[in-house]
Amino acid sequence: MSAEVTQILLNAQSVDGTVRKQAEESLKQYQEQNLPGFLLSLAGELVNDEKPVESRKLAGLILKNALDAKEQHRKFELVQRWLSLDSSVKAQIKSFILKTLSSPAHDARSTASQVVAKVAGIELPHKQWPELIGALLSNIHQLPPHTKQATLETLGYICEEVSSDAVEQDHVNKILTAVVQGMNASESNNDVRLAATRALYNALGFAQANFSNDMERDYIMRVVCEATLSPEVKIRQAAFECLVAISSTYYEKLAPYIQDIFNITAKAVREDEEPVALQAIEFWSSVCDEEIDILEEYGGDFSGDSDIPCFYFIKHALPVLVPLLLETLLKQEEDQDQDEGAWNIAMAGGTCLGLVARTVGDDIVPLVMPFVEENITKQEWRQREAATYAFGSILEGPSPEKLVPLVNIALNFMLTALMQDPNNHVKDTTAWTLGRMFEFLHGSTLETPIINQGNCQQIISVLLQSMKDVPNVAEKACGALYFLAQGFEDAISPSSPLTPFFQEIVQALLTVTHREDAGESRLRTAAYETLNEVVRCSTDETAPMVMQLVPLIMMELHQTLEAQKLSSDEREKQNEIQGLLCGCLQVIIQKLGSSEQTKYVFMQYADQMMGLFLRVFAIRSATAHEEAMLAIGALAYATGLWRIRYCLIVMGL
């Protein structure tokens, strides 16, 4: 079998399904019948430069997967299996994979790097393979740049794979020395320098002792900052990723370097390519995260025994950092609102601005409002959208006393913009900003409410109208309505301001769920989530209307279960809808079941509901199953002990 392994590995990648399946079966049998021989054959294939790159790469991947798994119990089994192998077999495999690091074939080297790290992840914690680090470090000084590159890549993977206590400090020092030397501007080979920079990223968790030494820390920081100026974009990006990691791992060591870091991040944000600029912005977002955590944990009091005092880097940088971030908001992309996974400089800048607001509170407001006031009415849509985004970004962090007067002025303007602005980007961000207003500055705890009898009807009317807009705008309008309803949850009065509009709101949301384009921009999900929140926060006055929803939602769930001969895409959509409908019924059950007055009225539907939930378990959808189970739990709780048979039925599934 070992002689035929090359052809089997090639066949396992065949476009012919029959050939591929037969090859996969052969590999499985070989592994089950002779594991040591199987692993040795794979390592032999990987190391052999005369073999095809395709078979070598697959051999390495299968070898890697024989050493590790995502599931913990399976991972433990594979570790024990490797440790129990004959030591001579393991030694030969390790020799082969180390030798592959010198192969001229990039794919073989890269795969071998990962395999070496997986073996190291098993053996180093067990004090095995003590010669590994020394062998790798000796490779660093070898002449072929590709060997040096592969070795640095391997060192990085090892640092990612093992905990710092599995490597002796002497070896850590030597690894860091080799990595930082590889990053140096004097290194002429860009592949080597990139591998070294990425390796440092993974090795930073090992460097506590080195970052505690002023000279060593200064040297590491100098080399990282120099790498951010490399002519190669991937090296610059990797260097900024190192700075981001340093900001969170060694926040307390940043003070001597923060001015230089601001200068290089500002230059990158303004002038560099997007992947680099994004990481430069991420550095400041990371610093914000650290300072928010410190301020929340210690309450701003560092006179005691705080191990990590807050250096207030963000507060000190405000006069230059905020204008930099405001500039980024004007770098929007035309189609960013349609792409759910979109991430660009404008989005990163707005996210960072929001974190800055949470970090410094009121101090950010006077720095942002002139930008908002200057741009909010400009002819160019980018300026209007950027101004709206800036305002929405600072609504969490500053005090209500500072924000409420501004929101009271802005609210009517935002409602008008949501209805009348000709640009969808502006409307999308406006609806998002309204949602932020209602989330952070609306509720029973605020002394000065921003929503009153005078504007409530207008707000609801605008949001319901915007729910008919394009999907991304409608989804944000649903979100705003969600937080509007949530803010009235703890109202002192038994009657909610939403009560007169309850029927209209529910009907509008149900209409959204039936839109042809409801699958875009998470619109259907947002509509159901908002419907659930409106029901959850409703009062006893609207209980009869909530009751009317029960047969309606049940009928919709029934119709999805009756659908036949669906394509895979249609089935996936149906499964999503079934989960959303079960979730909606769960909320309704909890709402009506919490009152004696309504509980016994909706009991008439209990048997039918239970039948529908049980039918959901016949479909293949983990999400729908989970929602149905939660709904059954709510039903069993609401109906009391005499309905305990429902629980018994479920347990028997």
Side-chain angles (χ1 to χ4, degrees), residues 1-2 4-6 8-13 20-47 54-101 107-133 135-136 153-168 171 202 205-206 620 622 625-626:
M1 177 64 82
S2 60
E4 303 167 7
V5 75
T6 303
I8 296 172
L9 288 165
L10 292 173
N11 287 349
Q13 302 170 73
R20 189 172 64 250
K21 189 173 182 180
Q22 190 173 2
E24 289 169 354
E25 192 59 39
S26 296
L27 289 169
K28 185 181 177 184
Q29 285 179 5
Y30 188 12
Q31 181 173 3
E32 290 171 353
Q33 291 168 7
N34 182 5
L35 179 65
F38 176 70
L39 298 179
L40 205 49
S41 293
L42 293 174
E45 187 77 15
L46 181 60
V47 76
E54 293 81 8
S55 65
R56 296 175 71 189
K57 185 177 180 181
L58 182 57
L61 290 172
I62 295 172
L63 188 55
K64 178 171 77 84
N65 291 336
L67 299 166
D68 194 19
K70 289 181 180 178
E71 297 82 11
Q72 280 302 116
H73 70 281
R74 179 61 180 157
K75 184 184 180 83
F76 178 78
E77 288 173 5
L78 295 177
V79 167
Q80 296 307 310
R81 190 175 75 172
W82 172 263
L83 291 172
S84 65
L85 283 176
D86 183 82
S87 57
S88 62
V89 173
K90 287 190 289 187
Q92 199 168 353
I93 292 172
K94 290 187 287 188
S95 171
F96 283 164
I97 57 179
L98 280 178
K99 188 179 177 183
T100 311
L101 298 178
D107 283 350
R109 292 197 310 273
S110 182
T111 308
S113 292
Q114 297 172 56
V115 178
V116 170
K118 292 298 180 187
V119 176
I122 295 172
E123 296 207 348
L124 291 182
H126 289 86
K127 306 299 180 187
Q128 298 179 19
W129 212 1
E131 69 277 15
L132 170 63
I133 303 299
L136 290 170
E153 192 176 330
T154 305
L155 288 169
Y157 285 142
I158 289 172
C159 291
E160 189 178 24
E161 201 67 39
V162 304
S163 61
S164 56
D165 56 6
V167 183
E168 296 175 9
H171 278 156
N202 288 328
F206 289 67
R620 292 184 177 182
H625 289 181
E626 184 179 347

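Heavy-atom basis, side chains included; hydrogens, waters and symmetry copies ignored.
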* Decide yes or no for Phe206 and Val162: does some side-chain heavy atom of the first lie under 4.5 Å from some side-chain heavy atom of the second? => yes

* Asked: Between Arg56 and Thr100, what is the shortest heavy-atom contact and its length?
  -> NH2-CG2, 4.2 Å

Table please: side-chain donor-acceptor pairs of residues 32-39 below 3.5 Å, with sequence neighbours left out.
| unit_1 | atom_1 | unit_2 | atom_2 | d |
| --- | --- | --- | --- | --- |
| Asn34 | OD1 | Gly37 | N | 3.1 |

* To the nearest 0.5 angstrom, please state how far the CZ atom of Arg81 sits from the CG atom of Leu83. => 11.5 Å

* To do: Could you check if a side-chain atom of Ser41 sits within less than 4.5 angstrom of a side-chain atom of Glu45, using non-hydrogen atoms only?
  => no

* Structure fact -> Heavy-atom closest pair (Leu85 atom, Lys90 atom, distance to 0.1 Å) is O-CE, 3.4 Å

* To do: Quick one: pull up CD in Gln128 and CH2 in Trp82 and give me the separation to the nearest 0.5 Å.
  => 10.0 Å

* **Check: Gln22 main-chain N/O paired with Ser26 side-chain donor or acceptor under 3.5 Å** => yes

Show me, pair by pair, the donor-acceptor contacts under 3.5 angstrom made by side chains of residues 57-67, not counting sequence neighbours?
| unit_1 | atom_1 | unit_2 | atom_2 | d |
| --- | --- | --- | --- | --- |
| Asn65 | ND2 | Leu61 | O | 3.3 |

* Could you tell me which non-hydrogen atom of Glu153 sits nearest to which non-hydrogen atom of Ser110, and how far apart they are? => OE2-OG, 3.2 Å

* Structure fact -> Between the CG atom in Leu155 and the CG atom in Leu136, the distance rounded to the nearest 0.5 Å is 5.0 Å

* Enter the distance from Glu24:CD to Gln29:CD here, rounded to the nearest 0.5 Å. => 12.5 Å

* To do: May I ask you to say whether Glu123 pairs ionically with Lys94, meaning some side-chain N is under 4.0 Å from a carboxylate O?
  => yes

* Identify the heavy atoms of Ser55 and Leu9 that sit nearest to each other, and give their distance. => O-CD1, 3.6 Å

* **Heavy-atom side-chain proximity of Tyr30 to Leu42 below 4.5 angstrom** => no

* Asked: Between Thr154 and Ser113, what is the shortest heavy-atom contact and its length?
  -> OG1-OG, 2.9 Å

* Asked: So how far is it from Gln114 CD to Glu161 CD, rounded to the nearest 0.5 Å?
  -> 10.0 Å

* **Non-hydrogen atoms of His126 and Ile122 that approach each other most closely** => ND1-O, 2.9 Å

* Side chain proximity check, Val119 to Ile93, heavy atoms < 4.5 angstrom -> no

Side-chain donor-acceptor contacts of residues 69-80 below 3.5 Å, not counting sequence neighbours, with atom names and distances?
| unit_1 | atom_1 | unit_2 | atom_2 | d |
| --- | --- | --- | --- | --- |
| Arg74 | NH1 | Glu77 | OE1 | 3.1 |
| Lys75 | NZ | Asp68 | OD1 | 2.7 |

